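Note that this is a predicted model, so its numbers are computed, not measured.
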Amino acid sequence: MPDEILAPEQIQKKVFPLCLRTKDLKNPASLATYLSIGGYQAITKILKEQISPQQLIDEIKLSGLRGRGGAGFPTGLKWSFMPKDIKGDKYIVCNSDEGEPGTFKDRDIIRYNPHQIIEGMLIGAYIMGANRGYNYIHGEIWQEYLSFHEATREARKAGYLGNKILKSDFNFDLHAVHGYGAYICGEETALIESIEGKKGQPRFKPPFPATHGIYGRPTNVNNTETYASIPWIINHGGQAFSDLGVANAGGTKIFSVSGHVNKPGNYEIEMGMPFSELLELAGGVWKGRELKAVIPGGPSTALVPAESIMQATMDYDGLAKIGSSLGAGSLIVMDQTTCMVQTLKRLSYFFYEESCGQCTPCREGTGWVYRVIKRIVDGQGRSEDLALLKDVSNKISGRTICALGDAAAVPVLSFIKHFENEFQYFIQHKKSMMGQQNA
């Protein structure tokens, strides 16, 4: 059956390919493949029936969809912020600047299902009255950029992009923008600066992009997975999407599982799946070892020890209960042999290198944090170093224009909180408790 719009009783539970539904098909990224599973039916129905933007907003709010890039802000509410009575250009932007360690879900959506992103952006543009759009793609993934560019060419040729889309009065065009690999451009205002051809640094807010975005015009920015979820919601209804998840977390979520597992990769599951089940999907901890700790949403989310994460569910509230957060769903698994001191050294170096340098607490603080941890790993740690690390981290948090400073502080504080004994051992014995060589 070419139309893949499902009846409620056909919707399978637990593992549910929604954004990655073309992954196992022949030529998954092509327009022909997307059309064969019911692609572009949602925007066709919207334009044919002239469904009002408010009706669509209400459906997205009902779905419970929250931003999949890390912030988790309700999508329908965010889209309602776009001013309706301002004439002239309005922009929507897809944030595919996926640069944090352990994040690799958005590139797979682009690689396997770019047309679903395009349709989601078309629907967003229709709702918010936007006429121009960009997909900002991380600078270190070139083939995905080419794939998305080809998809826009196909869509434009077929009449889904450009003027008078599907012979309606709706005009919208979309372009791929290739970044330069700067992690800071995952922050929406730094991304906007980069699109404008400037150095990618965050802007002070307010004003917010909804009123003053690209070239000072109203702009909406959402994550790749967020936009890719929209066509399914419109086709099946907000309630069906909500039913896939749990309270306060509707729908599916792609978790990028990496680290010490037997089957690393992207797993698209219902929100609220127990962590233990997700770990089982990923083949369990490799080499028959025990689980030690997990970073549930990428290094900007707090580390969780094994005993806590094994009781958790993979959703916003479930992870908040154990002192962490969902983030972008970039789940890094660590086995019993992992040295937490050396791991934190590597993560701290990342944030130190990726700080844009605009804010003094982040520019100087991330350098302090990295150098102190490196000093411990080099066997020159001091008894006061842990107090110093906590003090510097707390003085970075909440004192920067964007959240990179907070992101840099989170792993420091959570690693020390849960594994302070390893840091104390390294300082006292000049080597890792795990018996590893200094690195």
Side-chain angles (χ1 to χ4, degrees), residues 53-54 56-57 60-61 65-99 106 110 117-139 145 148 152 161-162 170-180 182-230 328 356 358-359 400-404:
Q54 188 57 53
L56 298 169
I57 284 279
I60 294 168
K61 287 181 177 179
L65 176 64
R66 295 170 60 174
R68 299 297 197 235
F73 194 84
T75 303
L77 181 60
K78 185 173 184 177
W79 287 14
S80 69
F81 293 157
M82 192 75 125
K84 301 175 179 62
D85 55 352
I86 295 179
K87 298 188 181 301
D89 289 340
K90 293 182 185 179
Y91 296 86
I92 63 168
V93 178
C94 180
N95 185 347
S96 297
D97 189 64
E98 192 173 41
D106 294 340
I110 297 171
I117 304 168
I118 294 172
E119 186 175 14
M121 294 186 73
L122 275 165
I123 296 168
Y126 175 86
I127 291 172
M128 290 179 273
N131 60 326
R132 299 175 186 272
Y134 298 103
N135 187 1
Y136 188 95
I137 299 171
H138 190 65
Y145 165 77
F148 192 83
T152 61
L161 290 175
F170 176 45
N171 305 319
F172 176 73
D173 211 352
L174 175 62
H175 303 279
V177 177
H178 198 231
Y180 290 90
Y183 171 62
I184 192 63
C185 288
E187 195 280 332
E188 62 179 7
T189 60
L191 181 153
I192 288 170
E193 289 282 290
S194 181
I195 289 175
E196 292 180 354
K198 303 171 187 173
K199 182 179 180 180
Q201 288 188 319
R203 298 175 178 176
F204 283 100
K205 293 183 285 189
F208 293 93
T211 56
H212 294 78
I214 295 175
Y215 307 121
R217 302 297 303 171
T219 302
N220 176 80
V221 183
N222 268 116
N223 174 255
T224 316
E225 188 181 356
T226 309
Y227 278 120
S229 301
I230 296 295
C356 75
Q358 184 174 195
C359 305
T400 54
I401 294 172
C402 81
L404 191 147

- Check Ala176 against Ile137 and note the closest heavy-atom contact, atom names and distance. CB-CD1, 4.3 Å

- Query: If you measure from CZ on Arg66 to OG on Ser229, what distance do you get to the nearest 0.5 Å?
  - Reply: 13.5 Å

- Query: Should we count NZ of Lys199 as having more than 12 external heavy atoms under 6.0 Å?
  - Reply: no

- Nearest-0.5 Å distance that lies between atom NE2 in His178 and atom CG in Asp97: 9.5 Å

- Message: Counting C-beta onward and ignoring hydrogens, is there a side-chain heavy-atom pair between Tyr145 and Ile110 closer than 4.5 Å?
- Response: no

- Message: In terms of relative ring orientation, are Tyr91 and Tyr134 parallel, tilted or perpendicular, with 30° and 60° separating the classes?
- Response: parallel

- Partners meeting salt bridge (charged side-chain N to carboxylate O under 4.0 Å, His left out) with Arg132 (sequence neighbours left out): Asp89

- Counting N and O atoms only, with roles assigned by atom type, does the side chain of Thr152 sit under 3.5 Å from a partner on the main chain of Leu174, one being a donor and the other an acceptor? no

- Minimum-distance pair of heavy atoms, taken over all atoms of Ile117 and Cys94: CG2-SG, 4.0 Å

- For the side chain of Glu187 and the backbone of Thr189, is there at least one donor-acceptor N/O pair under 3.5 Å apart? yes

- Task: Indicate yes or no: does Arg203 engage Glu188 in a salt bridge with an N to O separation below 4.0 Å.
- Result: no

- Taking the side chain as every heavy atom from C-beta outward, state whether Gln201 and Ile401 have any atom pair closer than 4.5 Å. no

- Note on the structure: Closest non-hydrogen atoms of His138 and Ala182, given as atom of the first, atom of the second and distance, are CE1-N, 4.3 Å

- Donor-acceptor under 3.5 Å (Gln358 side chain, Pro202 main chain): yes

- Between Ala125 and Ile92, what is the shortest heavy-atom contact and its length? N-CD1, 3.7 Å

- Hey, are the side chains of Glu119 and Ile230 touching, using non-hydrogen atoms and a 4.5 Å cut-off? no

- Message: For a quick check under 3.5 Å, do Asn95 and Asn222 share a side-chain donor-acceptor pair by atom type?
- Response: no

- Item | Reported CG-to-OH distance for the pair Leu122 and Tyr227, which is rounded to 0.5 angstrom | 11.0 Å

- Would you say the side-chain atoms of Glu98 pair up with the backbone N or O of Asp106, donor to acceptor, closer than 3.5 Å? yes

- Taking only residues two or more places apart in sequence, or in another chain, which ones meet Lys84 in a salt bridge (charged side-chain N to carboxylate O under 4.0 Å, His left out)? none

- Thr219 OG1 to Ile195 CD1 distance, which is reported to the nearest 0.5 Å: 8.5 Å

- Between Asn131 (side chain) and Lys90 (backbone), is there a donor-acceptor pair under 3.5 Å? yes

- Task: Let me see the working for Ser194 and Leu191 under side-chain contact (heavy atoms from CB on, under 4.5 Å), right down to the final yes or no.
- Result: CA-CA 5 Å; Ser194 181; Leu191 181 153; 5.7 Å; no

- Message: Using the side-chain hydrogen bond (donor to acceptor under 3.5 Å, both in side chains) criterion, which residues pair with Ser96? Sequence neighbours excluded.
- Response: Asn135, Thr224

- Calculate, to the nearest 0.5 Å, the distance between atoms CD1 and CZ belonging to Ile118 and Phe172 respectively. 9.5 Å

- Between atom CD of Glu193 and atom NZ of Lys198, what is the distance when rounded to the nearest 0.5 Å? 4.5 Å

- Query: Which heavy atom in Tyr136 sits nearest to a heavy atom in Cys185, and how many Å separate them?
  - Reply: OH-SG, 3.7 Å

- Heavy-atom pair with the smallest gap, counting every atom of Ile127 and Pro53: O-CB, 3.5 Å

- Find out whether Ile184 and Cys402 are in side-chain contact, i.e. whether some heavy atom of one side chain is under 4.5 Å from a heavy atom of the other. yes

- More than 12 non-hydrogen atoms from neighbouring residues, nucleotides or ligands closer than 6.0 Å to CZ on Phe73, yes or no? yes

- Side chain of Lys78, backbone of Val221: donor and acceptor closer than 3.5 Å? yes

